[in-house]
Amino acid sequence: MSACAGCGAAVTADDQFCESCGAALGTAGTPREAAGISAPARVSAATGSEVAIDSAVTAAHEPGAVDDRCACGGTFDRDGWCDRCGRRLPNDRDHLVVTISAGLAAVSDKGRHHPRNEDAFALAESGGRSVAVVCDGVSSTTDPETAAVAAAEAARDVLSAASPPETRSPAARVEYYSDVMTTAAHEANDAACTAARKVGGQNPPSCTFAAAIVDGDLVVAGWVGDSRVYWLGDDRAALQLSIDDSWVSDQVDHGMPREQAEADPLSHSITRWLGADAPDPTPTCGSFAATGAGWVLVCSDGLWNYCSGASDLSALVEKFETGDPTELASRLVDWANEQGGHDNITAALVRVGPHDIPEPAAESATTITDAGSPQTRSA
C-alpha cells in the first residue's frame with residue numbers, strides 16, 4: 001500500500017488511478033471528482049423575462065452516444081470517466097455564461113485548482129425587477145454542487161414570482177421584499193435538504209446563499225454564509241451590503257483586528273449555511289436606496305477573496321467597465337483566475353440606472369437586520 005499524491009488516500013501498486021480523487025498515480029495530478037459523483041449537470045439559458053437557468057439536472061451518463069469516445073481512444077462510462085485514461089467527460093458547469101439582458105448577466109468558473117464547479121447562480125427579470133442568486137457549495141460536504149444548484153433555482157423562483165408591493169412607501173417596500181427574501185431562503189434550504197436526501201450519507205451537501213432583488217432604485221439583499229452582495233456606484237461610492245456569517249466576522253465583532261482574524265486557519269469557517277444540518281436558514285437582510293447609477297454585484301468568495309474591500313472592487317470594476325454585464329463579469333472571473341483561482345468563482349451583475357457616470361451622489365440610507373449562530377463549518 002502507498003498514498004495518492006493528489007489526496008493522500010491509500011492505493012495499491014496495481015492501481016493506475018486513485019479511487020478517491022481520480023488523480024493519476026505516481027504524480028501530483030489534479031484530483032478529479034470524488035468517486036460516485038454523477039455526470040455533468042446540464043444548464044440551459046432562456047431569454048427575455050424568463051428565468052436564466054431552466055434546469056440543472058445531474059444524471060448518470062448514458063454510454064453509447066456519439067461523444068462517448070475519449071481522445072485517448074477509451075470510452076466514457078456511466079459516471080462520465082474514461083475507462084482507459086481516467087479523463088473526465090467535459091462538464092458544462094465548469095464555465096457558465098448567462099446573459100438575460102443589457103442589465104443582468106452572470107459568469108461562473110471552476111477556477112484553477114478545484115476539480116469541478118460547486119458554485120451555482122440563477123437569474124431572472126420579472127415585472128421590471130431583476131433577481132440574482134449565488135450559492136457556493138461547501139466543499140467539505142458531499143456533492144455540494146447539488147445543494148447549490150437546487151437552492152439557487154428555488155430562491156430565484158420565489159423572488160421572481162413575487163407580486164409587486166402594493167405601496168410605494170420606502171419602508172413598506174423594504175419590509176415587503178425582506179419578507180419575500182426570507183421566504184426565498186427557506187425555500188432554498190428546503191431544496192438543499194431534498195438534494196441531501198437524494199445524495200445520502202453522513203455529510204449532507206450544503207451551500208451558502210446570497211441574493212439581491214432590484215426594483216428601480218431599491219436593492220434588497222439577503223444572505224446566509226459568506227457569499228456577498230456589493231453596491232458599486234459609477235461615482236465610485238461603494239458599499240458591501242452583506243455581512244459574512246463567518247468566524248472572522250465574529251472575532252472582529254469581539255475586538256480582534258481583521259488582519260489577524262483573516263490570517264487565522266479558521267478564517268474560512270462559516271457560521272451559517274443552507275442544507276440538512278443548517279443551524280438556521282433565516283437570512284440576514286439589508287436594503288440600499290441608490291441615488292445614482294451603478295452595479296449590484298452578487299459573488300462567491302472565489303472572487304472577493306482576492307479583492308475584499310468594496311472600494312477595491314469598485315476600482316477593479318472601473319478598470320474593466322464596458323457597460324456590458326456579461327463582459328464585465330467575465331473580466332472579473334478571469335482576473336480572479338489570474339490571481340490564482342484557488343476556489344470556484346461566480347460573479348452576477350445587475351445594472352441600476354443608465355451606463356453613464358453621474359455627479360457624486362449624496363450618501364444613501366442603508367439598513368441591516370442581523371441574525372447569527374454559534375456553529376461553524378469549514379467552507
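Here the straight-line distance linking atom CG of L349 with atom CD1 of I100 works out to 13.0 Å at 0.5 Å rounding. To the nearest 0.5 Å, the span separating CG on L123 from OG on S101 amounts to 9.0 Å. Taken to the nearest 0.5 Å, the CG atom of D343 stands 5.0 Å off from the CG atom of D301. Between the CZ atom of R156 and the SG atom of C135 there is a distance of 11.0 Å, given to the nearest 0.5 Å.
The shortest non-hydrogen separation linking C207 to G137 is CB-CA, 3.9 Å.
Between Y306 and H342, the ring planes are tilted. Angles from 30° to 60° get that label.
The closest side-chain donor-acceptor pair between D109 and N117, if any, does not fall under 3.5 angstrom. For S300 and D119, the side-chain atoms include at least one donor-acceptor pair closer than 3.5 Å. For the residue pair S126 and S160, no side-chain donor N or O sits within less than 3.5 Å of a side-chain acceptor on the partner.
Residues passing the side chain to side chain contact (heavy atoms under 4.5 Å, CB included) test with S169, sequence neighbours excluded: T167, A171, A172. With sequence neighbours left out, the side chain to side chain donor-acceptor pair (under 3.5 Å) criterion links R168 to no other residue.
With respect to the salt-bridge test (charged N to carboxylate O, under 4.0 angstrom), the residues E145 and R116 qualify. Taking 4.0 Å as the cut-off between side-chain N and carboxylate O, R173 and D215 count as a salt-bridged pair.
Contacts classified as salt bridge (Lys or Arg N to Asp or Glu O under 4.0 Å) and involving residues 325-337 (residues at least two apart or in different chains) are given here: E327-R331.
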What verdict does the salt bridge (Lys or Arg N to Asp or Glu O under 4.0 Å) test give for R228 and D244, after you've listed the backbone C-alpha separation in whole Å, the side-chain angles of each residue and the deciding distance to 0.1 Å?
CA-CA 7 Å; R228 292 183 178 179; D244 297 347; 2.7 Å; yes
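In this structure, V296 and Y230 have side chains that are not in contact, with every pair of non-hydrogen atoms separated by 4.5 Å or more. Put simply, the side chain of N344 does not reach to within 4.5 Å of the side chain of S108, judged on heavy atoms. With contacts defined as side-chain heavy-atom distances shorter than 4.5 Å, the pair Q240/S242 qualifies. Residues V131 and E125 have side chains not in contact (no heavy-atom distance under 4.5 Å, counting atoms from C-beta outward).
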